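Encoded as structure tokens, the structure appears first; notes follow it.
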Number of protein chains: 2
Amino acid sequence: MTRRPRTGREPLNRERVLRAAIDVADAEGLDAVTMRRVGQALGVEAMSLYNHVDGKDALLDGMADLLVGEIETPPADVEWKEALRRRAWSGRATVRRHPWAPALFAARPQVRLPMVAYLDGVTGCLLGAGFSPQLAHTAVHVLDSRVLGFTRDLFDPGVQGMPDPALLEAMTGGALPHSQRIMAEAVHDDDVEFAFGLDLILDGLERARDSERSG
Amino acid sequence: MTRRPRTGREPLNRERVLRAAIDVADAEGLDAVTMRRVGQALGVEAMSLYNHVDGKDALLDGMADLLVGEIETPPADVEWKEALRRRAWSGRATVRRHPWAPALFAARPQVRLPMVAYLDGVTGCLLGAGFSPQLAHTAVHVLDSRVLGFTRDLFDPGVQGMPDPALLEAMTGGALPHSQRIMAEAVHDDDVEFAFGLDLILDGLERARDSERSG
DNA sequence: ACCTGAACACCGTTCAAGT
DNA sequence: ACCTGAACACCGTTCAAGT
């Protein structure tokens, strides 16, 4: 007689499906995330998931998006180094809660909007602190591999397939102002960036050793 | 009448199987590496591979081992910064040749002997340059995420399952002297390490910005 | 509108059988 | 000693059918 046939459970939605998938990955690892297993966690057949998610790949993409969303963004008035530090620790806490996160990020073929939005925030923080677009771009690369446990080239169109349409839309529509500026004003050279990050680390290590000796 | 029944092809071996798997991954991506597909690349049924490899997981482990083996080790008399730089560029070249490498490393549950041996070399280079075991240990962490596109805690037994017996054997048998020394003399604290690497990067970035401004 | 059952083409793996 | 064919339990996904 009522709308809900014979079970009291609330209807599925995209969010609940993604959360269930994350729970399965947390408990049993990323490989355990199958359509059938996630369905089971929700008390539903695997095929029901297709009503809320476009398929397995979309499910994994959605999981990655939610993970990035867990990283906290500090208020804009926090001093730049402190702001980057807070973001880094929040990102690290996320990876700790979900140890399979780096494997998921590394396996996904596309860099997606939430990740780019996160990096846009980091970039804005650096630009606001007086970094040139060129240096800010390079800095983001050095930082993100440390925080998220992986490195990926964002602006290199050769590596990935066609980017997410939503991403292009956000990019050209002004929703990612800092990334847009980097695209326009920074030269993109992987080797130069790699060399910069490497020397930054090596020089920092040398300094740390010397102060250790004299200390 | 001859030993080789009716085909002129040389018999399979472990090395050829692993190479074929790497070729498949290079050409069609890591997901294309299935037992059936690798068998096909060798002109053989999938089941034949089990004579040379313990299964799919062992195949993936073997691929990872071969990748690490592609990283060149500079002669021992090269100055430490230059030596680390060469190793880093060689590692980067390897990842470039096999873009799926970070995803594979991140997906494998265990850190294996060849990887530890590589890191042992990096550690030895730092110890030889006068770094304390503590600082050398931390330095390796900062470096490897930059070079290999991923970070993994080596000495944290909680994260991984039982380590490779061959790894334990090498560790206790003196084949990895530098890693052994780190295990014995360095305190392992993930948070301290993370904070160190983060500050090293942030301080380096600040210095780069300031010299950019004054330059 | 949402869920299901049966079906299809795949996957890793076992095992008995071939040479 | 090495390779194979058939079989098993899984996987993602389609589709027609249910409510």
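Protein chains get the first letters and strands the later ones, always in sequence-line order, with residue 1 at the start of each. In this text, all values refer to a predicted model and were calculated from it rather than measured experimentally.
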Grab the CG-P distance between Leu59(B) and dC11(C) for me, whole Å please. 14 Å

Sort out the partner of dT13(C) for me: Watson-Crick or G-U wobble, both distances under 3.5 Å, none otherwise. dA7(D)

If we count only N and O atoms by modelled type, under 3.5 Å, do the side chains of Trp100(B) and Asp26(B) hold a donor and an acceptor together? yes

Sugar-phosphate only, base, or nothing, as touched by Met35(B) at under 4.0 Å among non-hydrogen atoms: sugar-phosphate

Take the protein atom CZ of Arg37(B) and the nucleotide atom C1' of dA9(C), then report the distance between them rounded to whole Å. 17 Å

Interatomic distance, Glu45(B) CD vs dT19(C) P [rounded to whole Å]: 15 Å

Measure CE/Met47(B) against P/dC3(D) and give the value in whole Å, please. 13 Å

Just checking Thr34(A): base, sugar-phosphate only, or nothing, at a heavy-atom cut-off of under 4.0 Å? sugar-phosphate

Between His52(B) and Asn13(B), do the side chains contain an N or O donor and an N or O acceptor separated by less than 3.5 Å? no

Provide the Watson-Crick or G-U wobble partner of dA1(C), both distances under 3.5 Å; none if there is no partner. dT19(D)

Calculate the interatomic distance between Leu49(B) atom CG and dC2(D) atom P; express it in whole Å. 14 Å

Between dC3(D) (C1') and Asn13(B) (CG): distance, integer Å: 15 Å

Without decimals, in angstroms, what is the distance between Asp54(B) CG and dG12(C) C1'? 14 Å

Strictly below 4.0 Å: does His52(A) bring a side-chain N or O up to OP1 or OP2 of dC3(C)? yes

Tyr50(A) side chain N/O closer than 4.0 Å to the phosphate oxygens (OP1, OP2) of dT13(D)? yes

Polar contact flag, side-chain donor to acceptor under 3.5 angstrom, Arg97(B)-Thr94(B): yes

Going by the angle between their ring planes, with limits at 30° and 60°, are His141(A) and His188(A) parallel, tilted or perpendicular? tilted

